[in-house]
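Single-structure report; data block below.
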Amino acid sequence: MAAASPPLLPVSVIPAATAATATIVLPAPDTSSAANQRAYLARLLDSAKRSLSGARPWAELLDRAALSRPDSLADATARVRRNLAYFRVNYALLVALSLAASLLAHPFALAALLALLAAWCALYLLRPADAPPLAAFGKTFSERETLGGLLAASAFVVFVTSVGSIVFSALAAGAALACAHGAFRVPEEQLFLDDDLQPGAGGRAGSSVDLLSFFTNAAGGGGGRG
């Protein structure tokens, strides 16, 4: 008697296309750090625009008809104080122009400051908050250690090398030029009529007295409560 053949097992064939298909999940790009950097730069640019919007016309600054020799040292000091309040943005740009011209004349100082600025931006100012700690020379540095290193590098560049003397000389030259202009330019008196016509003891003192009396009344609950 012949032996019974073994039962056939069901076989399912997987299509080649299905077997070869695999799902690959790619990590989404981290756009939060880039967005934060763009927002920081946008705020910085907006702040610079608001600051520069207060600049007076340069023709008014360079008006030769408004220049005269001060009568005394006290007159020169008063002129400088008023002109600094009126042309403060222009004077700041003048000092910045003096610094830029001095750095362009000394390429090494310019390169050192640019490298220092790039280090501050890459390692601290524009570094994402969720970035891993800085690792270098087989050691991991915390945020405080990174900040200390940047401060030490800045102090070395400014106070040890010739960069500091170049920068300070340029700033001093720009400030001296601004003070000289402020001492020889006659201030526009109509710009200060609002301060001079304040009621009270007269001028700025009267406005100060009124301001102090306002705070005194507010602290004491006013004169009508008794």
If you take all heavy atoms of [X] and [Y], which pair is closest and at what distance?
X      : Y      : answer
Val95  : Gly174 : CG2-C, 3.6 Å
Ser165 : Ser169 : O-OG, 2.7 Å
Leu103 : Ala109 : CD2-CB, 4.1 Å
Cys179 : Val80  : O-CG2, 3.5 Å

Residues in side chain to side chain contact (heavy atoms under 4.5 Å, CB included) contact with [X], at least two apart in sequence or another chain:
X      : value
Ala66  : Asp63, Arg185
Leu177 : Leu94
Ala173 : Ser98
Leu117 : Cys121

Distance in Å, [X] [atom1] paired with [Y] [atom2], rounded so as to fall on 0.5 Å steps:
X      : Y     : atom1 : atom2 : answer
Ser102 : Leu97 : OG    : CG    : 11.0 Å
Tyr91  : Asn83 : OH    : CG    : 4.5 Å
Arg56  : Tyr86 : CZ    : OH    : 4.0 Å

(message) Applying side chain to side chain contact (heavy atoms under 4.5 Å, CB included) to Phe108 and Ile166, what does each step give before you reach the verdict?
(response) CA-CA 11 Å; Phe108 171 75; Ile166 294 173; over 6 Å; no
Name each donor-acceptor pair under 3.5 Å that joins a side chain in residues 132-160 to protein atoms two or more places apart or in another chain, with its distance.
| residue | atom | partner | partner atom | Å |
| --- | --- | --- | --- | --- |
| Ser142 | OG | Glu145 | N | 3.4 |
| Glu145 | OE1 | Ser142 | N | 3.1 |
| Thr146 | OG1 | Ser142 | O | 2.9 |
| Ser154 | OG | Trp120 | NE1 | 2.9 |
| Ser154 | OG | Leu150 | O | 2.8 |

Are [X] and [Y] grouped together when hydrophobic residues (ILVMFWY) are joined by side-chain heavy atoms under 4.5 angstrom apart?
X      : Y      : result
Leu61  : Phe184 : no
Leu114 : Val167 : yes
Val186 : Leu62  : no

(request) Could you pull out all residues at least two apart from Asp75 that satisfy salt bridge (charged side-chain N to carboxylate O under 4.0 Å, His left out)? (result)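 For Asp75 the salt bridge (charged side-chain N to carboxylate O under 4.0 Å, His left out) partners, ignoring immediate neighbours, are Arg79.
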